[in-house]
Q: 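My structure is below; once you've seen it, I'll send some questions.
Treat the numbers as computed from the prediction; the structure is a model and nothing was measured.
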Amino acid sequence: MPTDKTTDNSHSFESYFKRATSPLAVLCLLRSHPMYGYELSQAMKQASDGRFTISVLYPVLYRLEHQGYVYVDRTEIINNRARSYYAVTDEGRRHLEKCLREYDEMDKAFRAILNAKTE
């Protein structure tokens, strides 16, 4: 049965872009201070005026933790629920700076392509 491409967002440009940039967005937001998951998702939503959200935030955090870029700074129990605060490691800060440089370079290159005049 064919799918309606107007409602299938799993392969949209936005979906691919978010998937590729989610780790960068998370590291950028965590660089100022540790945050727990919900706080991080709300900061992301607020900073992007609701445009950039990650529906699978915890797998991104777990992957960054596994890579050594973030760590659990502390865990609090609030209303019988554990709230883990994530923070950026020194290695994560170095990785973030490298990624930001690469992102800027790719953005400039892509904008040049978008503005190229073809004959």
Q: Are L96 and R93 side-chain neighbours, meaning at least one heavy-atom pair lies under 4.5 Å?
A: no
Q: Could you please spell out the steps behind the side-chain contact (heavy atoms from CB on, under 4.5 Å) verdict for M44 and T53?
A: CA-CA 6 Å; M44 188 174 300; T53 58; 5.8 Å; no
Q: Under a 4.5 Å cut-off applied to non-hydrogen side-chain atoms, are Q42 and M35 in contact?
A: no
Q: Are the side chains of H95 and V88 in contact, using a 4.5 Å heavy-atom criterion?
A: no
Q: Answer yes or no: is there a side-chain heavy-atom contact under 4.5 Å between V26 and I54?
A: yes
Q: What I'd like to find out is whether the side chain of L24 reaches to under 4.5 Å of the side chain of L29, using heavy atoms alone.
A: no
Q: Are the side chains of Y69 and Y86 in contact, using a 4.5 Å heavy-atom criterion?
A: no
Q: Once you measure the plane-to-plane angle for Y36 and Y38, does it fall in the parallel (<30°), tilted (30-60°) or perpendicular (>60°) bin?
A: parallel
Q: With a 3.5 Å distance limit and no angle check, can you tell me whether R63 reaches the backbone of V60 through a side-chain donor-acceptor pair?
A: no
Q: Which side-chain N or O atoms in residues 70-78 pair as donor and acceptor under 3.5 Å with protein atoms at least two apart or in another chain?
A:
residue, atom, partner, partner atom, Å
Y71, OH, D73, OD1, 3.4
T75, OG1, S84, OG, 3.3
E76, OE1, Y85, OH, 3.2

Q: Do R101 and E105 pass the salt bridge (charged side-chain N to carboxylate O under 4.0 Å, His left out) test, and can you show the C-alpha distance, the side-chain angles, and the key distance before you say yes or no?
A: CA-CA 6 Å; R101 282 191 306 275; E105 291 169 8; 5.9 Å; no
Q: For a salt bridge (charged side-chain N to carboxylate O under 4.0 Å, His left out) check, start with the C-alpha distance between D104 and K108, then their side-chain angles and the critical distance, and finish with the verdict.
A: CA-CA 6 Å; D104 284 340; K108 287 175 190 171; over 6 Å; no
Q: Identify, with sequence neighbours excluded, every residue that meets salt bridge (charged side-chain N to carboxylate O under 4.0 Å, His left out) alongside D49.
A: none
Q: F13, Y103: one ILVMFWY side-chain cluster at the under-4.5 Å cut-off?
A: yes
Q: Among E91, E97, K98, find the residue that satisfies the side-chain contact (heavy atoms from CB on, under 4.5 Å) test when tested with R94.
A: E91
Q: Evaluate the side-chain contact (heavy atoms from CB on, under 4.5 Å) criterion for residues L27 and L100: first the C-alpha distance (whole Å), next the side-chain angles of each, then the deciding distance (0.1 Å), finally the verdict.
A: CA-CA 10 Å; L27 289 172; L100 288 173; over 6 Å; no
Q: Using 4.0 Å as the upper bound for N to carboxylate O, is an ion pair formed by R51 and E14?
A: yes
Q: Would you compute the distance between atom CG of L57 and atom OG of S22 and round it to the nearest 0.5 angstrom?
A: 8.5 Å
Q: Could you tell me if R19 and S15 have a donor-acceptor pair between their side chains, going purely by distance under 3.5 Å?
A: yes
